[in-house]
Novice: 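Have a look at the structure that comes next, please.
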Amino acid sequence: MPGEIFNPNPVVFSAPKARQSDLLAHSLWINDASASEDEADEFEAIDQDEIFDLIRSIYDPEHPNTLEELRVVSAPQVTVGANHIKVEFTPTVPHCGMSTLIGLCIRVRLLRSLPERFKVDIFVQPGSHQSENAVNKQLNDKERVAAALENPVLLDTVEQCLANVGARGTLV
């Protein structure tokens with residue numbers, strides 16, 4: 001991403017290795033192909049860990065690290081209700097100019113992965129950004145999100161951040 005780097009030297013943490021049994025045991029999809037017609041009316045519950053698995057491997061727009069490695073997102077920052085998902089994320093620095101882009105990447109990943117019945121809210125962790133209210137307003141305004149995704153340069157940047165989503169290292 002051209003321009004000023006807001007955090008030239010972020011702290012990078014190692015991500016835990018995914019276990020193959022964990023990856024294969026849980027489906028993220030409501031309508032599995034193996035579901036019978038009787039089960040078609042029932043919804044499979046989606047939990048906090050499944051939502052975290054969807055967003056943990058999104059890449060930071062400024063650095064070659066995932067949001068999990070930079071501790072921008074973590075499982076406790078995800079709240080799952082009946083048809084409501086709330087994600088809070090923590091920018092690496094309080095003046096991070098990429099916060100809205102990170103939030104947009106999280107929103108796009110969840111909207112592409114979850115059934116339409118879910119309402120998704122994305123917030124900056126309270127007290128973690130100097131423009132917290134403005135960022136939260138941008139991230140949760142449907143018209144602003146739609147306008148941002150119509151911008152080809154911005155959409156290309158989001159696609160780059162989501163390019164390797166799901167690839168979290170080697171399976172044990």
Side-chain angles (χ1 to χ4, degrees), residues 1 15 18 22-23 25-35 39-63 65-92 96-126 128-129 131-168:
M1 179 105 196
D22 287 348
L23 293 175
H26 297 91
S27 172
L28 296 175
W29 309 111
I30 297 303
N31 295 323
D32 269 348
S34 63
E39 295 172 346
D41 292 335
E42 297 177 21
F43 292 122
E44 179 182 343
I46 295 178
D47 65 13
Q48 176 186 50
D49 291 332
E50 288 177 312
I51 299 301
F52 179 61
D53 281 343
L54 289 172
I55 62 174
R56 71 192 312 168
S57 56
I58 296 171
Y59 277 87
D60 183 87
E62 286 186 311
H63 305 288
N65 303 98
T66 66
L67 298 184
E68 179 185 29
E69 291 171 339
L70 296 173
R71 295 294 196 263
V72 172
V73 295
S74 63
Q77 293 176 292
V78 176
T79 307
V80 179
N83 288 327
H84 183 254
I85 307 290
K86 177 183 173 189
V87 177
E88 290 183 345
F89 68 97
T90 307
T92 56
C96 180
M98 296 291 139
S99 294
T100 52
L101 184 56
I102 291 169
L104 185 63
C105 291
I106 294 170
R107 177 172 296 284
V108 168
R109 173 65 173 144
L110 293 178
L111 291 177
R112 288 180 180 175
S113 303
L114 296 172
E116 289 183 18
R117 67 184 168 97
F118 283 98
K119 179 182 184 321
V120 176
D121 288 325
I122 311 292
F123 296 99
V124 172
Q125 183 80 27
S128 66
H129 196 279
S131 301
E132 175 184 334
N133 292 333
V135 171
N136 289 339
K137 185 175 182 178
Q138 286 181 325
L139 292 175
N140 294 294
D141 183 325
K142 288 181 183 180
E143 291 177 5
R144 290 182 187 200
V145 170
L149 294 175
E150 289 178 1
N151 179 330
V153 174
L154 195 54
L155 183 58
D156 184 54
T157 304
V158 169
E159 294 295 346
Q160 289 175 16
C161 292
L162 298 177
N164 294 319
V165 167
R168 294 188 322 201

Novice: Do you know which two heavy atoms are closest between D121 and R107, and how far apart they sit?
Specialist: CA-NH2, 4.0 Å

Novice: Looking at T66 and E69, would you say the former's side chain and the latter's main chain have a donor-acceptor pair under 3.5 Å?
Specialist: yes

Novice: Report yes if the side chains of L149 and L154 come closer than 4.5 Å at any heavy-atom pair, otherwise no.
Specialist: no

Novice: Atom CG in L162, atom SG in C105: separation rounded to 0.5 Å?
Specialist: 5.0 Å

Novice: Does the side chain of I102 come within less than 4.5 Å of P61's, by heavy atoms?
Specialist: yes

Novice: Can you see which heavy atom on S74 is nearest to which on F52, and at what distance?
Specialist: CA-CE1, 3.4 Å

Novice: Okay, side chain of E50, backbone of D47: is any donor-acceptor separation there less than 3.5 Å?
Specialist: yes

Novice: Roughly how far apart are N136 CG and S99 OG, rounded to 0.5 Å?
Specialist: 9.5 Å

Novice: Are the side chains of L104 and V158 in touch, meaning some heavy atoms are under 4.5 Å apart?
Specialist: yes

Novice: Could you tell me whether the side chain of T157 and the main chain of V153 form a donor-acceptor pair under 3.5 Å?
Specialist: yes

Novice: Ignoring hydrogens and geometry beyond distance, is a side-chain donor-acceptor pair present between T90 and Q77 at under 3.5 Å?
Specialist: yes

Novice: When you compare the side chain of V120 with that of L111, does any pair of heavy atoms fall below 4.5 Å?
Specialist: yes

Novice: Atom NZ of K119 and atom NZ of K86: how far apart are they, to the nearest 0.5 Å?
Specialist: 11.0 Å

Novice: Kindly say whether I122 contributes a backbone atom to a donor-acceptor pair with the side chain of N140 at under 3.5 angstrom?
Specialist: yes

Novice: What pairs meet the salt bridge (charged side-chain N to carboxylate O under 4.0 Å, His left out) rule with one or both residues in residues 134-143, with sequence neighbours excluded?
Specialist: D141-R144

Novice: For residues V72 and P91, determine if any side-chain heavy atom of one lies less than 4.5 Å from a side-chain heavy atom of the other.
Specialist: no

Novice: Does a side-chain heavy-atom distance below 4.5 Å link D156 with N151?
Specialist: no

Novice: Restricting to non-hydrogen atoms, name the atom on T100 and the atom on L139 that form the minimum distance, rounded to 0.1 Å.
Specialist: O-CD2, 3.3 Å

Novice: Indicate yes or no for a side-chain donor-acceptor contact from H129 to the backbone of C96 under 3.5 Å, with no hydrogens or angles considered.
Specialist: yes

Novice: Where the side chain of Q48 meets the backbone of V78, is there a donor-acceptor pair that is under 3.5 Å apart?
Specialist: yes

Novice: When you compare the side chain of I55 with that of I58, does any pair of heavy atoms fall below 4.5 Å?
Specialist: yes

Novice: For I46 and V80, work out which heavy atoms get closest and say how close.
Specialist: O-CG1, 3.2 Å

Novice: Might you work through the side chain to side chain contact (heavy atoms under 4.5 Å, CB included) test for V145 and Q138, ending with a clear yes or no?
Specialist: CA-CA 7 Å; V145 170; Q138 286 181 325; over 6 Å; no

Novice: Show the numbers, then the answer: is there a side chain to side chain contact (heavy atoms under 4.5 Å, CB included) between F89 and L67?
Specialist: CA-CA 9 Å; F89 68 97; L67 298 184; over 6 Å; no

Novice: Test side chain to side chain contact (heavy atoms under 4.5 Å, CB included) on L54 and L110 and set out the steps.
Specialist: CA-CA 7 Å; L54 289 172; L110 293 178; 3.9 Å; yes

Novice: To the closest 0.5 Å, what do you measure between CG (D49) and CG (D53)?
Specialist: 6.5 Å

Novice: Can you check whether F123's main-chain N or O pairs, donor with acceptor, with E88's side chain at less than 3.5 Å?
Specialist: no

Novice: About how many Å separate CZ of F118 and CG of N83, when rounded to the nearest 0.5 Å?
Specialist: 5.5 Å

Novice: Find the distance between CG (N65) and CG (L70) and round it off to the nearest 0.5 Å.
Specialist: 4.5 Å

Novice: R117 and A82: which non-hydrogen atoms are nearest, and at how many Å?
Specialist: NH1-O, 3.9 Å

